[in-house]
Undergrad: 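Shown below is the structure under consideration.
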Amino acid sequence: MYDILSSLNTAQKEAVETISGPVLIVAGPGSGKTRVITHRIAYLMNACRVSSRNVMAVTFTNKAAREMQERLGQLAPIASQGITIGTFHAICAKILRIDGKIIGIEPGFVIYDQNDQLALVKRGMTELNLDPKQYALSAVLGQISAAKSQTFGPKDYIQRGRSYFEEIVGRVYERYQEMMRASNALDFDDLLMRTVELFRAHKEVLERYQERYVHVMVDEFQDTNTVQYEMVKMLAGKHRNLCVVGDPDQSIYSWRSADLRNILNFEKDYPDAKTIILAQNYRSTKTIISAADAIISVSSMRKPKRLFTDNEQGVPVTLAEAYNEQEEALFVAKEIGRLVSYGGAALRDVAVMYRTNAQSRAIEEAFIRCGMPYKLVAGTRFYERREVKDIIAYLRLILNPADDISLIRIINTPPRGIGERTVDELLVWAKRHGFSLYDAICKISELGDSESRLFTPRAVKLMGDFQKMIADLRQKSNSLKLLTFFDRLIERIDFNSYLLASPDGEDRLNNILELRGVVQEYDDRFPEGVLPALLEGVALVSDVDSLSEVTDTVTLITLHQAKGLEFPIVFIVGMEDGILPHIRSFDAPEQIEEERRLCYVGITRAKRRVYLMRAFRRSMMGASNVNAPSRFLKDIPEELTCGARPWKSEKPKYHRRERDLDWAVADPEFCENQSLPDVKPGDDVYHDQFGRGKIVSINTVCGDTEVVVSFREAGTKKLLLSLAKLEKME
DNA sequence: CGAAAGGCTCTTTTT
DNA sequence: GAGCCTTTCG
């Protein structure tokens with residue numbers, strides 16, 4: 001049998017073998033965390049004969065779950081079947097489908113995403129006569145979400161409310177939950193909160209799960225919030241074999257109510273906890289680790305932790321400056337081209353990371369111009385595209401007629417003459433009679449509208465037609481394969497011509513075809529209950545989940561999404577005060593700290609090579625701004641860095657030097673194809689700044705040639721052949 | 001009713 | 001620069 005322990009270092013081994021009682025694994029970036037988790041589970045099943053049924057592993061993304069499942073399949077092929085692996089949200093959805101009924105959750109519930117949530121908040125506010133200009137929808141929703149993250153229901157929230165704003169939110173929150181219940185819908189926070197509610201209210205249910213999950217493991221524990229922590233605590237309450245893995249330095253989700261105290265106080269909550277620190281990094285070069293450490297060490301309020309690595313020194317971190325975001329993007333594109341054509345780098349080795357999604361636009365445009373293949377990890381997310389959501393709304397309504405939000409979305413999409421007026425009256429009518437919108441339409445078209453005469457005969461007729469169509473589709477959905485049904489639906493509502501008539505019709509039609517592909521896939525994977533599976537699937541996927549390594553393209557990704565991933569070459573663009581750290585973090589020191597950690601996360605994704613890019617000007621929301629270099633840059637010791645154009649006497653083109661940082665100027669022309677001098681150790685060379693010298697050694701590092709040159713005047717320097725413009729002396 | 005046009009505001013990060 | 005809202009007109 002493959003020895004599970006033989007490939008691990010001492011700390012990792014200890015982490016794998018410590019299987020009883022609470023365990024805290026503090027795992028620095030690149031410390032083999034995923035290996036440890038999978039090996040630990042394999043060890044439980046193989047060596048300790050724990051049944052896979054009795055193991056739960058919580059991951060941060062579905063992708064991580066899938067990968068873990070795969071790796072386990074290799075380590076413990078027989079045993080790994082019945083294990084529970086998934087995100088908190090996916091696991092809770094499953095629990096609530098099975099046991100939610102007891103607290104009034106129908107198993108067919110739909111999951112509302114942020115757009116749906118906003119629509120619902122808006123409706124609630126309209127009903128309560130609140131001005132959406134005075135109270136921003138997103139702020140109200142933020143409050144509601146934060147309350148749910150602490151398991152505060154509307155009553156708890158109202159009770160604790162202090163300010164006038166909180167009182168307003170409390171009222172919206174109450175109404176919001178009523179409407180959610182009526183629509184048989186749960187939002188992301190409900191999935192967690194109501195699971196905890198279920199466990200609190202029904203000990204016998206909790207006990208069943210406690211019995212079952214003898215071993216519970218949670219990854220990315222630094223990013224759990226209070227409900228999640230509560231849930232874990234309850235689940236592991238009986239056996240107490242709770243293993244949490246995380247790294248406070250990588251906590252970047254406080255805005256999503258993640259609470260660092262969960263990991264910082266773990267040892268207090270579990271005094272018998274064993275703490276294991278994984279400090280050896282297997283991913284990055286010494287230079288990268290030193291640079292990352294320099295950035296994170298500045299952070300106060302942190303347990304000092306020193307990462308180390310036995311990997312090679314590697315090349316310096318490249319700092320580069322461009323005039324604006326277009327030039328920044330062009331520099332990235334050309335530099336990638338150079339890394340690929342002058343060395344062994346593949347496009348899939350490269351990731352371009354940024355703080356905000358909006359920054360991807362400039363990069364994309366440059367990449368398209370240069371013919372550089374890329375995949376974008378988010379942007380407007382696929383399942384949030386309007387046309388995709390429209391079709392999803394049809395499917396939801398067909399499965400769950402109580403889903404008012406979906407009904408409102410599609411009752412006039414494509415346009416069928418049911419306008420705003422009619423919908424408003426419908427809302428009033430339904431509310432007065434306590435019906436869902438769908439039921440209201442049924443009643444109105446059945447009985448006519450004799451009593452109140454709210455509707456014109458035309459509106460009654462149109463709504464009736466709509467209702468008949470939905471009823472007819474529902475019937476079809478039961479008998480047809482989902483894919484066939486999907487095609488009928490598109491045909492029936494004449495969606496294609498509707499899309500083609502709209503701006504970007506082609507693109508949007510393509511999105512529908514892509515959705516069709518997803519439907520087909522689900523049809524194959526779920527012979528039973530395809531529709532519910534599809535709807536849950538699309539609600540809970542994240543963008544990273546669909547990130548594939550198969551195609552050879554550059555990856556464009558936000559720093560947040562990059563957590564947990566690694567790439568040989570990483571570009572971080574927008575290293576500017578106001579972008580990273582983001583301007584919204586300026587009012588609170590702890591938020592700037594989080595930005596710092598975000599920067600740390602980005603740098604530590606890199607195995608071999610890091611580029612930190614900054615633009616002098618950047619247009620945001622239409623206007624063009626001049627930004628100062630990111631304050632984080634000056635924390636990186638100069639000896640770890642170099643400019644893309646090494647120290648030339650020539651002044652940077654665009655601005656004065658800042659804080660002695662030697663900026664390279666990203667000069668598009670500079671990246672044009674150049675012929676490299678053919679040199680070997682012993683050759684005499686000339687360098688613009690350092691003068692004459694002799695080549696000491698030549699080394700190939702990740703697609704680039706590194707030469708060590710002993711200069712007569714300037715001493716010994718390590719230079720990149722492709723960048724240093726060395727001339728060979730005959 | 002709905003298409004089109006103009007004006008407003010805001011954008012961090014996401015399961 | 002986009003998305004949402006309001007206004008105007010057919």
Side-chain angles (χ1 to χ4, degrees), chain A residues 58-65 86-93 111-115 117-119 122 131-133 136-139 141-142 145 148-149 186-192 220 223-225 227-228 251-258 353-362 365 377-381 383-384 386 412-423 456 458-459 462 501-504 536-545 557-564 574 578-586 591-592 594-595 597-599 601-602 619-624:
Chain A
V58 185
T59 59
F60 196 71
T61 63
N62 295 299
K63 180 171 182 257
T87 61
F88 274 108
H89 293 91
I91 290 173
C92 288
I111 299 168
Y112 275 4
D113 69 13
Q114 195 176 5
N115 280 311
Q117 291 180 283
L118 284 170
K122 193 170 156 197
D131 181 7
K133 285 205 179 93
L137 294 183
S138 58
L141 182 57
S145 171
K148 289 183 175 185
S149 300
L186 299 179
D187 63 26
F188 289 132
D189 301 308
D190 285 331
L191 291 174
L192 308 169
E220 305 286 6
D223 285 321
T224 52
N225 62 27
V227 216
Q228 291 168 333
S251 125
I252 52 176
Y253 280 97
S254 72
W255 51 273
R256 216 169 74 184
S257 303
M353 303 181 182
Y354 34 82
R355 174 66 235 266
T356 67
N357 281 304
Q359 288 171 259
S360 71
R361 171 180 298 273
E365 281 169 2
V377 181
T380 359
R381 307 221 275 285
Y383 291 110
E384 282 169 27
R386 208 183 320 147
N412 202 32
T413 308
R416 48 176 74 88
I418 305 176
E420 206 183 333
R421 271 285 308 275
T422 311
V423 174
T456 59
R458 176 171 175 272
L462 288 170
S502 69
D504 301 316
E536 179 158 326
V538 295
L540 295 181
V541 276
S542 70
D543 298 304
V544 210
D545 294 340
I557 192 168
T558 65
L559 287 162
H560 282 90
Q561 294 169 324
K563 187 174 75 159
I579 302 285
L580 183 67
H582 195 272
I583 191 161
R584 295 280 286 244
S585 68
F586 284 1
Q591 284 185 45
I592 296 182
E594 184 153 312
E595 301 285 306
R597 295 194 292 267
L598 195 53
C599 183
V601 166
S619 31
M620 313 159 70
M621 290 191 257
S624 178

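Reckoned from all heavy atoms, side chains included, excluding hydrogens, waters and symmetry mates. The chains referred to below are lettered A, B, ... by the order of the sequence lines, with proteins before strands, and numbering in each begins at 1.
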Undergrad: By nearest atom, which of the nucleotides B:dT14, B:dT15, B:dC10 is closest to the A:M621 side chain?
TA: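 Nearest listed nucleotide: B:dC10.
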Undergrad: What heavy-atom pair brings A:L540 and A:A90 nearest, and what distance separates the two atoms?
TA: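 Looking at all heavy atoms of both residues, the shortest contact is CD1-CA, 3.7 Å.
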Undergrad: Distance check needed: B:dC8 C1' versus A:D131 CG, whole Å only.
TA: 14 Å
Undergrad: For A:S585 and A:L192, take the nucleotide of DNA chain B holding the closest heavy atom to each; which residue's nucleotide lies nearer the 5' end?
TA: A:S585
Undergrad: In whole angstroms, how far is the P atom of B:dT13 from the OH atom of A:Y354?
TA: 10 Å
Undergrad: Once you round it to whole Å, what is the distance between P of B:dT15 and CZ of A:R256?
TA: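 About 6 Å, once rounded to whole Å.
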Undergrad: Is A:T422 touching bases, backbone alone, or none of the nucleic acid, heavy atoms closer than 4.0 Å?
TA: sugar-phosphate
Undergrad: Counting side-chain heavy atoms from C-beta on, which of B:dT15, B:dC1, B:dT13 comes nearest to A:T558?
TA: B:dT13
Undergrad: Between B:dT14 atom C1' and A:K148 atom NZ, what is the distance in whole Å?
TA: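 Interatomic distance, NZ of A:K148 to C1' of B:dT14: 16 Å.
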Undergrad: Closer than 3.5 angstrom, by distance alone: can the side chain of A:D223 be matched with the main-chain N or O of A:I252 as a donor-acceptor pair?
TA: yes
Undergrad: Name the residue from A:T356, A:L598, A:I592 that meets the side-chain contact (heavy atoms from CB on, under 4.5 Å) definition with A:H582.
TA: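 Checked A:T356, A:L598, A:I592 against A:H582; only one passes side-chain contact (heavy atoms from CB on, under 4.5 Å): A:T356.
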Undergrad: To the nearest 0.5 Å, tell me how far A:L192 CG sits from A:D187 CG.
TA: 9.0 Å
Undergrad: A:E220: which residues meet the salt bridge (Lys or Arg N to Asp or Glu O under 4.0 Å) condition with it, sequence neighbours left out?
TA: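 Scan of A:E220 (salt bridge (Lys or Arg N to Asp or Glu O under 4.0 Å), adjacent residues dropped) gives A:K33, A:K563.
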Undergrad: Has A:N225 got a side-chain N or O lying under 4.0 Å from the OP1 or OP2 atom of B:dT15?
TA: no
Undergrad: Using atom CG of A:L137 as one end and atom P of B:dT9 as the other, report the distance to the nearest whole Å.
TA: 15 Å
Undergrad: Closer than 4.0 Å, any side-chain N/O of A:N62 to the OP1 or OP2 of B:dT15?
TA: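 So the side-chain polar atoms of A:N62 never come under 4.0 Å of the phosphate oxygens OP1 or OP2 of B:dT15.
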Undergrad: For A:H89 and A:F188, take the angle between the two ring planes, folded into 0 to 90°, and tell me which bin it lands in: parallel under 30, tilted 30 to 60, perpendicular over 60.
TA: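 Correct class here is perpendicular.
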Undergrad: Starting from P on B:dT15, measure out to CG on A:D189 and report it in whole angstrom.
TA: 13 Å
Undergrad: Specify the residue among A:K122 and A:R361 whose closest nucleotide of DNA chain C lies further upstream toward the 5′ end.
TA: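 Looking at DNA chain C, the more 5' nearest nucleotide goes with A:R361.
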Undergrad: Reckon A:N412 has a side-chain N or O less than 4.0 Å from the OP1 or OP2 of B:dG2?
TA: yes
Undergrad: Send over the distance from A:I583 CD1 to B:dT13 P, rounded to a whole Å.
TA: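 Rounded to the whole Å, the gap is 14 Å.
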Undergrad: Which residue lies toward the 5' end of DNA chain B, A:F88 or A:R584, if each is placed at its nearest nucleotide?
TA: A:R584
Undergrad: Let's see if you can work this out: which of B:dC10, B:dT15, B:dT13 has an atom nearest to the side-chain heavy atoms of A:W255?
TA: B:dT13
Undergrad: Going by distance alone, is a donor N or O of one side chain under 3.5 Å from an acceptor N or O of the other, for A:S585 and A:E595?
TA: no
Undergrad: Look at the side-chain N and O atoms of A:Q561 and state whether any lies under 4.0 Å from the OP1 or OP2 oxygen of B:dT13.
TA: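 A:Q561 to B:dT13 OP1/OP2: no side-chain N or O under 4.0 Å.
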Undergrad: Using whole Å, report how far CD of A:Q114 lies from C1' of B:dT14.
TA: 8 Å
Undergrad: With heavy atoms under 4.0 Å as the rule, sort A:R458 into base, sugar-phosphate or nothing.
TA: sugar-phosphate
Undergrad: Given a 3.5 Å cut-off on both pairing distances, which stems involving DNA chain B, each at least three consecutive Watson-Crick or G-U pairs, are present, if any?
TA: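 Stem list for DNA chain B: B:1-10 with C:1-10.
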Undergrad: If I pick the P atom on B:dT13 and the same atom on C:dC4, what distance separates them, to the nearest angstrom?
TA: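 The answer is 16 Å between these two P atoms.
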Undergrad: To the closest 0.5 Å, what do you measure between CE (A:M620) and CD (A:Q359)?
TA: 8.0 Å
Undergrad: The side chain of A:H89 is closest to which nucleotide in this list: B:dC1, B:dT14, B:dT15?
TA: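 The nucleotide sitting nearest to the side chain is B:dT15.
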Undergrad: Heavy-atom nearest nucleotide on DNA chain C for A:E420 versus A:E365: which residue maps closer to 5'?
TA: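 Result: A:E365.
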